[in-house]
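What follows is a short report on a single structure.
Residue numbers begin at 1 in each chain, while the letters A, B, ... track the order of the sequences.
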Amino acid sequence: MALRDIKPTRSELINLKRRIALSERGYKILKMKRDGLIIEFFKVLEEAKDSKSELAEKYERAIQMIAFADTVEGSIGVKSAALSVHEVPNIALASKNIMGVVVPEIESSKVKKNLVDRGYGLLGTTSAIDEAASAYEDLVESIIESAEIETTMKKLLDEIESTKRRVNALEFKVIPELTEARDFIKMRLDEMEREELFRLKKIKARNA
Amino acid sequence: MEIAVIGDHEFVLGFRLAGVRKTYTAETEEKLTATITRALDDGTIGILVLQSRDMNRIPRRLQATLENSVKPTVIAVGGEAGGMTMRERIKRSVGVDLWK
């Protein structure tokens, strides 16, 4: 808001004061929100780091295992074993609200199965397949865990960023501009008052 | 709800072995985009697993949708995901590099 656009009137001054009060209140609340979000973020951060490295590790292992199974059984063998697995890992997805940020909350049934429940015949396959299956079950478990944490992190970060922008805009742009305008009007009004007083004195002196 | 996996043939096979039923193979970019879009509309999918490599191959717009999606929750495995890494994101939002 450029200063020359402001009309130095009393009603404008009252309006401005009101807006300043409102902006300051908003600023305080947003600042609290930002701090709260960062606290939440720190809570998730450690978990996220752990789960991410764990996921990478398990993925590596699973890849190795399936490659191994592929070599031993041939791709047809692996595929036929894979197609006969029946039990499906079941998950329940809910959403949770952290300070206005919607994050997922995932619960899952057990992914790990024992040998007999896997569905492919034990006699027809080698242990390589079992190893690969169990490595992948591990991986799926870890995926379920990190999916929740990682999405939470991303969402929190986005929200922190936008809240921070808002806080900064209020602190460094909106509030200073409004205060400047308020001071300008005050000054101008005072000046007008002094002019008026002086004028009256002049008239009085002339009349006397 | 179920887990869905989209990726190339080898990637998907292992997940079948772990019991994931919704596995889709998609090799080309068009197929990938189409399959992901369909998966997003499927109400029974809770977690969508992708390959990080594929994350970089899909259009920017879809990437953004995936990143912000809660239902289903999307996760990329194998290396760093496309777009910004977690580390860069933290640096940008918090202002300090906390990922060590």
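Under a cut-off of 6.0 angstrom, the local environment of CD in B:Glu27 is crowded, with over 12 non-hydrogen atoms contributed by other residues, nucleotides or ligands. Counted within 6.0 Å of NZ on A:Lys33, heavy atoms from surrounding residues, nucleotides or ligands total more than 12; the atom is thus considered enclosed. For B:Arg61, the CZ atom is loosely surrounded, since the number of other residues' heavy atoms within 6.0 Å does not exceed 12. Applying the 6.0 Å contact sphere to CZ of A:Arg165 captures no more than 12 heavy atoms from other residues, nucleotides or ligands. Around the CD atom of A:Glu191, the shell of radius 6.0 Å holds more than 12 heavy atoms that belong to other residues, nucleotides or ligands. When the shell of 6.0 Å around CG of A:Leu197 is examined, it contains more than 12 heavy atoms from other residues, nucleotides or ligands. For A:Arg182, the CZ atom is densely surrounded, since the number of other residues' heavy atoms within 6.0 Å is greater than 12. Heavy atoms of other residues, nucleotides or ligands lying less than 6.0 angstrom from CZ of A:Arg199 number more than 12.
With a threshold of 4.5 angstrom between heavy atoms, A:Ala56 does not approach chain B through any atom at all. With a threshold of 4.5 angstrom between heavy atoms, A:Ile91 approaches chain B through its backbone and through its side chain. Contact annotation for B:Val5: neither backbone nor side-chain heavy atoms come within less than 4.5 Å of a heavy atom of chain A. For chain A, the nearby part of B:Ile75 is the side chain; its heavy atoms alone come within less than 4.5 Å. Residue contact with chain A, scored on non-hydrogen atoms closer than 4.5 Å, involves the backbone of B:Ser69 exclusively. In this structure, the portions of A:Ile143 lying under 4.5 Å from any heavy atom of chain B include both its backbone and its side chain. Interface residue A:Ser146: backbone and side-chain heavy atoms are both found under 4.5 Å from chain B. Contacts between A:Leu156 and chain B at a heavy-atom distance below 4.5 Å are absent for every atom of the residue.
The existence of a salt bridge linking B:Glu67 and A:Lys154 is excluded, since no basic side-chain nitrogen approaches an acidic carboxylate oxygen closer than 4.0 Å.
Side chains of B:Phe15 and A:Glu137 form no contact here, defined as non-hydrogen atoms less than 4.5 Å apart. Between A:Met153 and B:Ile90 the shortest side-chain heavy-atom distance falls below 4.5 Å. Using a 4.5 Å heavy-atom threshold, the side chains of A:Leu83 and B:Arg16 count as touching. You'll find the side chain of A:Val140 stays beyond 4.5 Å of the side chain of B:Val49, heavy atoms only. Counting only heavy atoms from C-beta outward, the side chains of B:Arg89 and A:Asp158 approach each other to under 4.5 Å.
Considering CD of B:Glu10 and CG of A:Asp70, their distance stands at 7.0 Å, rounded to 0.5 Å. One finds the CD1 atom of B:Ile3 at 4.0 Å from the CD1 atom of A:Ile144 (value rounded to the nearest 0.5 Å). We find the CG-NZ distance between B:Leu13 and A:Lys79 to be 7.0 Å, quoted to the nearest 0.5 Å. Atom CG of A:Leu93 and atom CD1 of B:Ile45 lie 11.5 Å apart (nearest 0.5 Å).
In terms of non-hydrogen atom pairs under 4.5 Å with chain B, the most contact-rich of A:Leu157, A:Thr151, A:Ile160 is A:Leu157. Note: A:Ala133 leads A:Ser95, A:Ser134, A:Ala133 in heavy-atom pairs under 4.5 Å with chain B. Ranking A:Ala147, A:Ala62, A:Ser162 against chain B, the residue ahead of the rest is A:Ala147, based on heavy-atom pairs under 4.5 Å.
Distance alone, capped at 3.5 Å, is enough to place a donor-acceptor pair between the A:Lys164 side chain and the B:Ser93 backbone.
In plain terms, the two heavy atoms of A:Tyr136 and B:Phe11 that are nearest each other are OH-O, 4.3 Å.
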